[in-house]
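Following: one structure in structure tokens, then a few remarks.
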2 protein chains.
Amino acid sequence: MSGILQAIRESQGQMNRKEQELAQYVLEHPHEAVQSSITELADRSGTSTATVSRFCRNLMFKGLSDFRMKLGAELAVTPTHSTYQDIVAGNSLHSIVQAIEMNHIRSISDTTRQLDLQAVQQAVGALRAAKRIDLYGVATSGIVALDFQQKLVRIGIMAHYWPDSHMQITSASSLEEGDVAVAISYSGDTVETYDALLCAKERGAVTLSLTKFGSNRISQAADIRLFASSLEEGMRRGDMASRIAQLHVVDILFTALVSEDFDDYVPQLEQSFQQVKKYRKEKGR
Amino acid sequence: MSGILQAIRESQGQMNRKEQELAQYVLEHPHEAVQSSITELADRSGTSTATVSRFCRNLMFKGLSDFRMKLGAELAVTPTHSTYQDIVAGNSLHSIVQAIEMNHIRSISDTTRQLDLQAVQQAVGALRAAKRIDLYGVATSGIVALDFQQKLVRIGIMAHYWPDSHMQITSASSLEEGDVAVAISYSGDTVETYDALLCAKERGAVTLSLTKFGSNRISQAADIRLFASSLEEGMRRGDMASRIAQLHVVDILFTALVSEDFDDYVPQLEQSFQQVKKYRKEKGR
DNA sequence: ATATTTAAGAAAATATTTTTCATATTCATA
DNA sequence: TATGAATATGAAAAATATTTTCTTAAATAT
């Protein structure tokens with residue numbers, strides 16, 4: 001099942017009654033949904049145009065056309081890698097390997113399909129302009145934050161990540177106007193991460209979120225929202241693919257950043273690489 | 001090139017002057033074209049909305065939205081270029097996104113292709129049998145190690161990762177026979193990681209390596225060798241894909257481990273998930 | 001039981017797309 | 001070269017589609 005449909009299914013429970021009905025219709029007839037106009041969609045799902053419009057906004061799309069475009073793109077993807085596989089007891093090693101490969105590849109391409117390039121562009125602009133960048137996240141998302149920090153530091157950007165969530169807030173509280181705070185959370189509901197982001201926002205920092213698709217507190221609070229698609233519910237087995245998808249987005253951000261200031265950053269990257277190498281050599285081995 | 005773009009190029013010669021100009025714009029900026037409204041498209045291509053509308057009908061689409069939908073769907077299909085893409089200065093955001101997607105997907109499937117299932121099986125056996133598991137790695141590979149540690153701890157396995165490489169050796173020196181030491185290093189040459197692995201080996205631990213493909217000191221020293229493929233290119237820009245590939249292998253190991261002892265581990269996973277949730281709830285939000 | 005909040009559709013306001021229509025341009029022919 | 005027919009094109013009108021506002025109904029809290 002597609003990342004967007006999966007996201008709809010996951011958040012269906014939190015929706016209003018009519019939106020649930022609409023969600024149901026979309027889940028059952030995704031192809032019709034992508035092709036019909038708002039009136040048709042409203043009629044067929046037994047709702048109203050207003051509800052359809054709100055439904056799309058609530059899912060964090062820019063509107064119906066945006067929803068259509070992105071779902072359409074996802075549905076178009078070749079059915080070779082199409083269905084996410086679940087992993088259960090006593091699977092053969094071979095089937096496990098295949099399932100994981102499929103899930104990872106799928107979540108990377110789903111994430112790419114629904115990526116909002118304008119939001120990416122904005123994010124890159126903000127990151128470039130920032131004097132300082134703070135990263136927030138815990139557990140699996142903390143690892144993604146740490147990864148991003150490493151990359152940023154390597155090109156000489158002052159980026160901070162504290163594994164301790166109190167320190168995350170402490171750090172947020174010293175941000176200044178124009179700095180950037182990046183909140184990473186699969187669910188988009190992690191309390192600690194949300195708090196740190198709010199604090200950063202109060203300080204006047206530009207806030208950026210990287211969460212799963214759909215509506216959630218963290219992305220709602222953020223100025224710039226990025227989404228990583230993933231499949232599974234509830235983060236139990238799920239954070240494997242979601243983490244890969246998040247790292248994928250981090251790589252895109254980072255590469256775009258480097259690409260924009262190629263002449264500044266690439267020598268930096270090269271230098272940090274060489275310095276580490278040299279330091280290690282001198283230690284005598 | 002996509003079928004629709006190809007068709008446009010082929011019939012471009014027979015078009016009216018303004019439609020040719022529009023066709024040119026679409027050929028040069030297909031992604032902008034699918035996203036913009038008719039007014040934007042008319043403006044950017046230096047034509048009028050009437051021309052845009054007619055253009056679509058002339059190409060036998062039902063209208064602009066139909067054209068958008070179908071071109072969008074075509075563009076969405078991942079181009080299956082088999083070669084890794086390099087990222088250079090001033091790339092368009094879109095080409096960056098495509099290149100990264102391609103590289104990541106490619107490195108995941110390459111890694112899967114060359115994975116030695118017997119080695120994986122041995123690794124899983126050793127990990128299951130271990131009283132304690134030590135993980136070694138620095139920088140990007142340290143993140144992979146940390147990720148693996150988190151996963152193992154979640155199913156109740158005593159796994160250690162120290163970001164400090166002296167502590168890695170310290171930890172290694174207290175391993176015992178039958179414990180497992182996992183060394184993660186893209187190059188396979190990282191001094192600190194190598195030292196920790198050697199130390200673990202001396203203590204009688206089963207040693208496991210996760211490195212790039214080919215011969216390198218760390219994998220030579222290890223009892224069980226796993227390889228993650230990636231771009232060659234010396235680790236500077238390459239470590240994006242290599243890290244994804246390494247995490248992919250980690251996921252395979254972890255899933256295989258869980259799958260073998262499903263009834264023990266899955267409740268553990270579930271419990272650790274619920275405990276975190278409960279603890280967070282109690283904090284009152 | 002009453003106030004307050006929330007949900008949802010009708011209708012109004014916007015925005016988008018298509019069609020019509022008037023004009024400009026090209027091309028063939030005398 | 002002049003003339004008329006055919007075609008191309010954009011402005012504006014008409015038709016559609018989408019979003020927002022406003023009102024009422026329903027749910028929830030006080």
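All chains are named by letter (A, B, ...) in the order of the sequence lines, taking the proteins before the strands, and each is independently numbered beginning at 1.
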Please report the distance, rounded to the nearest Å, between CG in B:Leu64 and P in C:dA15. 18 Å
Once you round it to whole Å, what is the distance between C1' of C:dT18 and CZ of B:Phe67? 16 Å
Rounded interatomic separation in angstrom, taking CG from B:Asn16 and P from D:dT9: 5 Å
Measure CD/B:Glu19 against P/D:dA8 and give the value in whole Å, please. 8 Å
What is the distance, rounded to the nearest whole Å, between atom NZ of B:Lys62 and atom P of D:dA17? 12 Å
C:dA7 P sits how many Å from A:Phe55 CZ, rounded? 15 Å
Here the pair of heavy atoms bringing A:Thr207 nearest to A:Ala222 is OG1-CA, 3.4 Å
Whole-Å distance between D:dT19 P and A:Asn58 CG? 12 Å
Measure the distance from NZ on B:Lys18 to P on C:dA24 and round it to the nearest whole Å. 16 Å
Taking ring pair (Phe, Tyr, Trp, His ring centres under 6.0 Å) as the definition, give me every residue that meets it alongside A:Phe254, ordered by chain and number, with sequence neighbours left out. none
Pairs: protein N or O with nucleotides 20-29 of chain D N or O, under 3.5 Å:
residue : atom : partner : partner atom : Å
D:dT20  : OP2  : A:Arg57 : NH1          : 2.5

Kindly determine whether A:Thr39 and A:Arg44 satisfy side chain to side chain donor-acceptor pair (under 3.5 Å), including the steps that lead there. CA-CA 8 Å; A:Thr39 350; A:Arg44 294 199 204 150; over 6 Å; no
Closest to the A:Ser37 side chain, choosing from C:dG9, D:dA17, C:dT17: D:dA17
Any base atoms under 4.0 Å from B:Ile38, or only sugar-phosphate, or nothing? Heavy atoms, all strands. base
Tell me, do A:Asp116 and A:Arg225 make a side-chain contact under 4.5 Å, heavy atoms counted? no
Relative to the ring of B:Phe67, is the ring of B:Phe61 parallel (under 30°), tilted (30 to 60°) or perpendicular (over 60°)? perpendicular
Trace of the side-chain contact (heavy atoms from CB on, under 4.5 Å) decision for A:Val120 with B:Val97: CA-CA 10 Å; A:Val120 172; B:Val97 168; 5.8 Å; no
